[in-house]
Asks: 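Pasting a structure here, questions to come.
FYI, side chains are in, hydrogens and waters are out, and symmetry mates aren't considered; it's all heavy atoms of this structure.
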2 protein chains.
Amino acid sequence: MTVDQLSTVFGALADPTRRAILARLAEGDLAVRDLAAPFPVSQPAISRHLKVLEGAGLISRSRRATARLSHLEAEPLREATAWLARYQAYWDERFEQLDELLAELQRRPEPAAAGTPTKVKKARKAEKKEGRTQR
Amino acid sequence: MTVDQLSTVFGALADPTRRAILARLAEGDLAVRDLAAPFPVSQPAISRHLKVLEGAGLISRSRRATARLSHLEAEPLREATAWLARYQAYWDERFEQLDELLAELQRRPEPAAAGTPTKVKKARKAEKKEGRTQR
DNA sequence: GTGTTATGGAACCGTTTGGTTATTGAAGCA
DNA sequence: TGCTTCAATAACCAAACGGTTCCATAACAC
């Protein structure tokens, strides 16, 4: 999967309507008409969302009578997950964080303090690349 | 995490430059100047990317001297992964698919055939909600 | 054929995005 | 007090997005 395929997939997932469509398709293939029903938007709008999803490889389509069924294709989701998995290590390293914060505090007065006001609770990770940072 | 927080996170991830920024921050906190260096875009453009990432909660920021350090916050990535995990079951259900396709072929002449030309290899999942589909 | 149903396409519109250059601001240093 | 450095903001622009309405088309049902 190229860089821009990933961008296309994440872009497709960045819309709540499209995520809801995928969620419904997880229960089985559906026609446009049925997909559109729960949403407060026009049918052409849904058709365009489906086009985006198809462009990202997240659905495939087939015809049955006048209806066009959409079918979930999960492979791009697997690849998106694979990309995210690289960061799995970063969302539960709390132990060393505390240690490193203490070491940090001893090294210099201003320990790269709080970020967003709503997230002050969290200990900061020490900068492993400090030399490069202040070149 | 609300619906639109997820949208914001996926939206932030839908840009290769921003994903590259996150990848570099995984190795340690960096200043804007250092983050901007590898990219063929101006410093204000990077600053705006950082603003998007901060808005999605994917980074937090702190000041050290004149530099402003960005720090990776992996929590939203965890939540995005949690959302994607719901589909994990769909990317390796090959056995039953084959069975269901055979049953499908017996039920009606046109078995909801191939979707995108490049993906014909994959067997289609039977429509569990068929009754609802053709209402 | 004619009508009906389901869907895609065209044209349009306001908002957002991603980029630019130029300017401003804030923190150290002479 | 300046001067320099790092980064944010402002103003602008073209392209993409998400929605609309109106129309065209495709497949079935008389």
Asks: Could you check how far CD1 of Ile46(B) sits from P of dT17(C), rounded to whole Å?
Replies: 17 Å
Asks: CG of Leu53(B) versus P of dT17(C): gap in Å, rounded?
Replies: 13 Å
Asks: So does Ser47(B) get a side-chain nitrogen or oxygen closer than 4.0 Å to the phosphate oxygens (OP1/OP2) of dA8(D)?
Replies: yes
Asks: Using a cut-off of strictly less than 4.0 Å, decide whether Arg33(A) has a side-chain nitrogen or oxygen near OP1 or OP2 of dA6(C).
Replies: yes
Asks: Can you find a side chain N or O atom of Arg68(B) that sits less than 4.0 Å from OP1 or OP2 on dC6(D)?
Replies: no
Asks: What I want to check is whether an N or O donor and acceptor connect the side chain of Gln43(A) with the base of dA6(C) at under 3.5 Å.
Replies: no
Asks: Taking NZ, NE, NH1 and NH2 as the nitrogens, is one of them in Lys51(A) or Glu54(A) under 4.0 Å from a carboxylate oxygen of the other?
Replies: no
Asks: Taking Asp34(B)'s backbone N and O only, do any of them form a donor-acceptor pair with Arg24(B)'s side chain (distance below 3.5 Å, no angle check)?
Replies: yes
Asks: Taking 4.0 Å as the cut-off, does a side-chain nitrogen or oxygen of Thr66(A) come that near to OP1 or OP2 on dC28(D)?
Replies: no
Asks: What is the distance, rounded to the nearest whole Å, between atom CD1 of Ile21(B) and atom C1' of dA7(D)?
Replies: 14 Å
Asks: Wobble G-U and Watson-Crick pairs count when both distances are under 3.5 Å; given that, what is the 5' to 3' dot-bracket string of DNA chain D, with | for pairing to other strands?
Replies: ||||||||||||||||||||||||||||||
Asks: Among all residues two or more places apart in sequence or in another chain, which pass the side-chain hydrogen bond (donor to acceptor under 3.5 Å, both in side chains) test with Ser47(B)?
Replies: Gln43(B)
Asks: Whole angstrom is fine here: how far is it from CG in Leu69(A) over to C1' in dA27(D)?
Replies: 14 Å
Asks: Specify the separation, in whole Å, of atom CZ of Phe39(B) and atom P of dT20(C).
Replies: 13 Å
Asks: Are any non-hydrogen side-chain atoms of Arg18(B) and Val52(B) less than 4.5 angstrom apart?
Replies: yes
Asks: Send over the distance from Arg61(A) CZ to dT7(C) P, rounded to a whole Å.
Replies: 8 Å
Asks: For residues Val9(B) and Glu79(B), determine if any side-chain heavy atom of one lies less than 4.5 Å from a side-chain heavy atom of the other.
Replies: no
Asks: Any side-chain to backbone donor/acceptor pair from Tyr87(B) onto Ala23(A)? Under 3.5 Å, distance only.
Replies: yes
Asks: Rounded off to whole Å, could you give me the CD1-to-P distance for the Ile59(A) and dT7(C) pair?
Replies: 12 Å
Asks: Looking at every non-hydrogen atom in both residues, tell me the closest pair between Val32(A) and Arg61(A) and how far apart they are.
Replies: CG2-NH2, 3.3 Å
Asks: In whole Å, I'd like the distance from the CZ atom of Arg63(B) to the C1' atom of dA7(D).
Replies: 8 Å
Asks: Would you list the protein and nucleotides 12-19 of chain D atom pairs, both N or O, that sit under 3.5 Å from each other?
Replies:
residue	atom	partner	partner atom	Å
dG18(D)	OP1	Arg18(A)	NH2	3.3
dG18(D)	OP2	Arg18(A)	NH1	3.3
dG18(D)	N7	Arg48(A)	NH2	2.8
dG19(D)	OP2	His49(A)	NE2	2.4
dG19(D)	N7	Arg48(A)	NH2	2.5
dG19(D)	O6	Arg48(A)	NH1	2.9
dG19(D)	O6	Arg48(A)	NH2	2.8

Asks: Quick check: closest heavy atoms across Pro76(A) and Leu58(A), and the distance to 0.1 Å?
Replies: CB-CD2, 3.8 Å
Asks: Are any side-chain N or O atoms of Arg19(A) and backbone N or O atoms of Leu13(A), one a donor and one an acceptor, separated by less than 3.5 Å?
Replies: yes
Asks: Taking only the side-chain nitrogens and oxygens of Lys51(B), find out if one of them lies under 4.0 Å from OP1 or OP2 of dT9(D).
Replies: yes
